[in-house]
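Chain letters run A, B, ... following the sequence lines, proteins first, then strands; residues in each count from 1.
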Amino acid sequence: MIEFRGVNKWFGALHVLKDITLSVEPREVVVVCGPSGSGKSTLIRCINGLETIKDGDLVVDGQRLGDRATNMTELRTEIGFVFQAFNLYPHKTALENVTLAPIHVRKIARAEAEASGREMLAKVGLADKFNAYPSELSGGQQQRVAIARCLCMRPKIMLFDEPTSALDPEMISEVLDVMVGVAEERMTMMVVTHEMGFARKVAQRVVFMDAGAVVETGTPEEFFSDPKTDRSRAFLSKILRH
Amino acid sequence: MIEFRGVNKWFGALHVLKDITLSVEPREVVVVCGPSGSGKSTLIRCINGLETIKDGDLVVDGQRLGDRATNMTELRTEIGFVFQAFNLYPHKTALENVTLAPIHVRKIARAEAEASGREMLAKVGLADKFNAYPSELSGGQQQRVAIARCLCMRPKIMLFDEPTSALDPEMISEVLDVMVGVAEERMTMMVVTHEMGFARKVAQRVVFMDAGAVVETGTPEEFFSDPKTDRSRAFLSKILRH
Amino acid sequence: LDDITKRGELRVAVQTQGPPFSMVDAAGKRTGSSVELAELMAKEMGVKITFQDYDWDGLIPALLSGKADLLVADMTPTLARAMKVAFTKPFMHTGSAVFAKSDSKFGTMEACKAKGTKIAVLLGATGEKVAKETFPDAEIKSYKGGGPLLLDAVNNGQADCGVNDVSAVKGQQAAYPAGSFTIMPEVLSKEPLAFATRYDEPDLLIWMNLFLDQVALDGRLQKNLDYWVNSEDWKKDHQ
Amino acid sequence: MIWFQLQSLMGSYPLALRGLGMTIALSGISLVLGTILGFAFGVLRTSGSRLLDSAIGLWVDLIRGTPFLVQIFLIFFILPELGVELDAFTAGIIALTNLAACFICEIVAAGIRSVPTGQVEAALASGLSQWQRMRQVVLPQAMRVSLPPLVGQYVLLIKDSSVVSAIGLTDLTRVGWLVVQRVPNGLLVFAIVGIGYFAVCYPLILLARRLERRMSAAHGEVQL
Amino acid sequence: MLENFSFRTIVEYLPLFGQGFAATLWLSIVSFAGALAVGIILCAMNLQRSRLLQLPAKIYIDAIRATPLLAQLYFLYFGLPRLGVVLPELFVGILALALNSGAYIAEIIRAGILSISRGQVEAGIASGMTYSQRMRLVILPQAIRVTIPPLLGQAIVLVKDSALLSLISVAELTRAGQLLASDRFMPAEGFVTTAACYLVLYYGLKSLAAFSARWLGVRPIGSRT
Ligand SMILES: Nc1ncnc2c1ncn2[C@@H]1O[C@H](COP(=O)(O)OP(=O)(O)OP(=O)(O)O)[C@@H](O)[C@H]1O
Ligand SMILES: Nc1ncnc2c1ncn2[C@@H]1O[C@H](COP(=O)(O)OP(=O)(O)OP(=O)(O)O)[C@@H](O)[C@H]1O
Ligand SMILES: [Mg+2]
Ligand SMILES: [Mg+2]
């Protein structure tokens, strides 16, 4: 479903992605972790073209990114992206946030889009917040709206960039619960997160990145109980200690 | 050292602190936790007068807040306050941040202030960052400068408002380590945090707040292993689960 | 001239400098000596007249760019100016006079010649040049916006005395209680006033000169000037 | 004396009303047109095309850097040499619209740039086209930032409209000049002119302030 | 008007334009300095809690913003003598410009100060600084960075506004153009040269703004959270 083959990326002189080769199967859930600045965000932002790559191949849903023939706008409708900072549209209500793309991109009739939007919001536990503006919602609620916004487009792939790290501790679990629900519907998912409980519960694979390179991949059990490299051991000790 | 007696506070119609009675002994370390919006920040902000109280008594270091005789500016020099958002002065280097108040408030000679500032920065592990500006520091480093900034005033009391919740997971432990160091010097400390490992390690007492009231207090062992109320049980299950 | 006939409209640029030449009366009607002469011109041509009212900055460009056919203002035809526009024969002669507030110490020319006297003149007007020559030691202040402001400046003490066209001064002091100003009898310079058009309209220029000759001969010009300039009769009708 | 002058001023009130009407008509029309144009240019300016950006930038510099009087003269007196004949009112409208568009373009561009990149990325990620992103996500948010300075700019433009008297339009300021010929009391006459402008501008200033307050109150941005 | 455009005459008048340019320049500098002083005082009043100080500042700022500079200029020029204060034109002109721009500058500075996050103020309070220490050490140094670009924008406005001083017989740049127009009846030459001179001033100020932005941007403020 997603395939990196020797992908490199620079920001100016900074080599942020170093020869990444990695593939994600349909219906697979992959968790990406690694220290700050290691290139995790850059990696998944490449997948829906928020960043462009310099060399190597990146094939998503059968289409090679950067090809003339690939219509990025269309491809993006197949990919949901959840941001750390939620990025809800502050001038629109929850329901409007959720129906904006279906109506304008998928050209679904408003009534129909709203029906499915309501259903999706109910599914993430916000049946009573249809008409609330983002500023009236807690962080956890905002992030759940953001997830619903992606799901409404019925994407094939869901990408998450540290979806819970801007949240208060008690709100983290409500968002993780929703994500577990999505994972259980067996959608292709790639999740950047430090929530190891989540990784253990739903991930088929954990990818550990450091300094722009994929250093280690493995099943959650392997990775947490027996990290192979020094760098992953040091990282795990830091985030699991407290 | 800090004593709340029947303290109430309103924000407009919102009753944020409800009849708080609580006292912190000299050299005691108290951790405050509770759900978002329960009034934790408001509580500790009252102690150094960032918020004013409506009724009840609040006595800090022997002085009653709100009294004519109490010089707040002077009292504040005895209280260090560490913010969630660091709030370093962006136009000053680490060393300048740390020496600003000693020089201008304590009227210590510049050379002396800089000597003790360097020492303090070294103590929080930033001996190589004296001349770095906040924007050149990672979040964890910024928060450590912020702690050093307070310590340089040699306060009697240190207050922390969620000092680690704006940090990346791997940086949390470097800040917590510094805080443990401070606690071990037996300073009076009041810490709003959800880091339960820290609470277990250094706190003499945990205070649990909900909806503006202190619902439960106890030693960390009591509180974590055997929470008394439903609300604290629900809260703990949420933050400890993932 | 053919254009004007064809158009059936004479476009006249005026500058509203104040009585007696061009002013807007209390009823908001444009009137004055020059304005009435222009109206007479249009009547003789048998066309309508439209006035375009520019401030000083816009006056010359309006004529040069062809927005207006002719320019009617109390304008002195200097040789430098005549390099750019075509002046008619003078329709009257006037001179610059010095005036001061009656109850001030600047009652005579001698007093005004003292060093540091502040003399108000109109920007770009002949008075400006004359004043510089007559009062070498004085401080010359040029104002924009018309003669009445000179009177106001003198009245308020921003200037000690003013130099402007004598007929303008006489006409404009009407707005003040009688006897507010002393106008000195000396006339500093004798200067003509003329209308102007463009050099690429020689036929219009010839016609205008002819017109001035005619009205001078049949006394209509004198009547106009007597009413507006040489007496204060107009005040009865237009204040 | 003052009484005498006030009395003769009273007589000029139809003229004053006409001047006020001219000022309002002129600025009203140009502000509407200028806003539309300014928005278009502001959007183009931030569209990412360097060529457009620098072309618009140059235009903005030329307009901001030269006196408005000169711009009016160019349009009214010089354009006819290129075969564009305009009457004074149209020329005034064009000049003032151009000036308004220039300032509004800068305000709108700043507003658009102030929308967090996260918003554009979110729209991009859900597959909205460039126009849809602008229309649905960026502009509504830029609008809220731009509105208070926009209304403030209107006030400045209304006052700038007085320069059109140079091409013979009788606006409020021009009426002041005309009246002062007859009632030579600059203080009195221009105090009244000032009151006229105040009556038009002050409501706008209040509106700008209200918008500003409402914006900072409902700071609807996502709280991190 | 353009086909006979006479550069020769412009050259002939160049010394006059030079004087006008210099006059506009120093006049603007002095007025701007005055405007800064007025703006700082007004802004300080406006930021006080006491309504007694705040209200006059607010009324003043609104009155200035809602009325044209011309009216303000005449108000001073014709009004002051009635109070028995007769000042030289130049002085009145500079005063009018300073009082006018001061109102706008007060708003710019206020916006700059309010843009400093609450957290900065609280950090200052928490470390025991007095109000004046917080202002001096924490808020103003940061606010200045934010305000310099709009201040230079206001300077551009002021330079152009100073043209109005020609109305009360101050010899400056616009006057030079008007003289050329009225002595020689060459308006196009006069105004084009005037415009060119203003454009020079404009680009000067603009590059000063760009330079100061870059200079201040050496240490971009705003933490990396
Ligand atoms: N737009 C950009 N321009 C220049 N450098 C960038 C840009 N975006 C990211 N970087 C740099 O690229 C590196 C990788 O960034 P990236 O955001 O992918 O890391 P990350 O692993 O997601 O870190 P975090 O956990 O902090 O989100 C970092 O050093 C970062 O500073
Ligand atoms: N300045 C203010 N004006 C009005 N209401 C406020 C203000 N500050 C806080 N509140 C409200 O008071 C309540 C308590 O806020 P407080 O910040 O003390 O909670 P908290 O326990 O610190 O929450 P968190 O964990 O989110 O920091 C909340 O409902 C909040 O919305
Ligand atoms: Mg990231
Ligand atoms: Mg809090």
Side-chain angles (χ1 to χ4, degrees), chain D residues 2 23 57 60-74 77-78 80-82 103 106 148-149 152 155-156 158-163 166 172-173 176-177 180 184-206 208-209 212 216 224, chain E residues 1-3 5 58 61-82 104 107 111 114-115 149-150 153 156-157 159-164 167-168 173-174 177-178 181 187-188 190-206 225:
Chain D
I2 288 277
T23 292
V60 167
D61 280 350
L62 284 178
I63 302 301
R64 284 186 65 188
T66 53
F68 183 44
L69 181 65
V70 173
Q71 297 163 24
I72 289 197
F73 276 7
L74 280 181
F77 294 127
I78 306 292
E81 296 192 8
L82 308 174
F103 283 107
E106 290 295 274
V155 172
L156 293 176
I158 290 173
K159 292 192 275 168
D160 283 344
S161 74
S162 71
V163 179
L172 193 50
T173 304
W177 285 119
V180 92
N185 185 336
L187 176 62
L188 189 62
V189 170
F190 284 97
I192 292 173
V193 169
I195 291 171
Y197 278 98
F198 187 85
V200 180
C201 296
Y202 192 58
L204 282 177
I205 289 180
L206 289 183
R209 189 159 309 139
E212 207 161 340
S216 53
L224 273 186
Chain E
M1 241 188 303
L2 283 187
E3 66 265 41
F5 199 87
K58 281 199 152 65
I61 291 173
D62 280 357
I64 293 284
R65 285 182 58 191
T67 52
L69 176 58
L70 175 70
Q72 294 156 18
L73 186 66
Y74 275 8
F75 194 74
L76 285 180
Y77 188 64
F78 294 118
L80 282 181
R82 308 237 154 146
Y104 293 91
E107 293 287 274
L114 294 184
S115 76
I156 291 170
V157 172
V159 167
K160 291 212 287 174
D161 278 352
S162 74
L164 225 51
L167 287 185
I168 55 165
L173 194 45
T174 305
Q178 286 167 345
F191 289 117
V192 166
T193 317
T194 311
C197 290
Y198 277 112
L199 208 55
V200 168
L201 286 172
Y202 169 78
Y203 273 111
L205 279 169
K206 201 185 155 191
T225 46

Select one option (side chain, backbone, both, neither) describing which atoms of E:Tyr198 are under 4.5 Å from chain D's heavy atoms.
both
Counting only heavy atoms closer than 4.5 Å, note whether E:Leu173 contacts chain D via side chain, backbone, both or neither.
neither
At their closest point, which heavy atom of E:Lys206 faces which heavy atom of D:Asp61, and how far apart are they?
NZ-OD2, 2.9 Å
Spacing of CZ belonging to E:Phe191 relative to OG1 belonging to D:Thr66, to within rounding of 0.5 Å
13.0 Å
Looking only at D:Val189, D:Leu69, D:Val155, D:Val70, the option with the highest number of non-hydrogen pairs under 4.5 Å against chain E is D:Val70
Given a strict heavy-atom distance threshold of 4.5 Å, which part of E:Ala195 is in contact with chain D: side chain, backbone, both, or neither?
both
D:Gly194 to E:Ala71 - nearest heavy-atom pair and separation:
CA-CB, 3.9 Å
Atom group of D:Arg209 that falls short of 4.5 Å from chain E, counting heavy atoms
side chain
If one checks every heavy atom of D:Leu82 against chain E at 4.5 Å, the contacting part turns out to be neither
I'd like to check E:Tyr74 versus D:Leu187 (side-chain heavy atoms, cut-off strictly below 4.5 Å). Are they in contact?
no
Mind listing the closest non-hydrogen atom pair of D:Ile205 and E:Arg65 along with its distance?
CD1-CB, 3.4 Å
Contact part of D:Thr173 toward chain E, heavy-atom cut-off under 4.5 Å: side chain, backbone, both or neither?
side chain
Proximity breakdown for E:Tyr77 and chain D, heavy-atom pairs closer than 4.5 Å:
neither
When rounded to the nearest 0.5 Å, the distance separating NZ of E:Lys160 from CG of D:Asp160 is 7.5 Å
Sort D:Leu172 into side chain, backbone, both or neither according to what part of it lies under 4.5 angstrom from a heavy atom of chain E.
neither
Crowding at CZ, E:Phe75 (>12 non-hydrogen neighbours, <6.0 Å):
no
Evaluate the side-chain proximity of D:Tyr197 to E:Leu70: yes if any heavy-atom separation is below 4.5 Å, no if none is.
no
Taking every heavy atom of E:Tyr104 against every heavy atom of D:Leu156, the minimum-distance pair comes out as OH-CD2, 3.5 Å
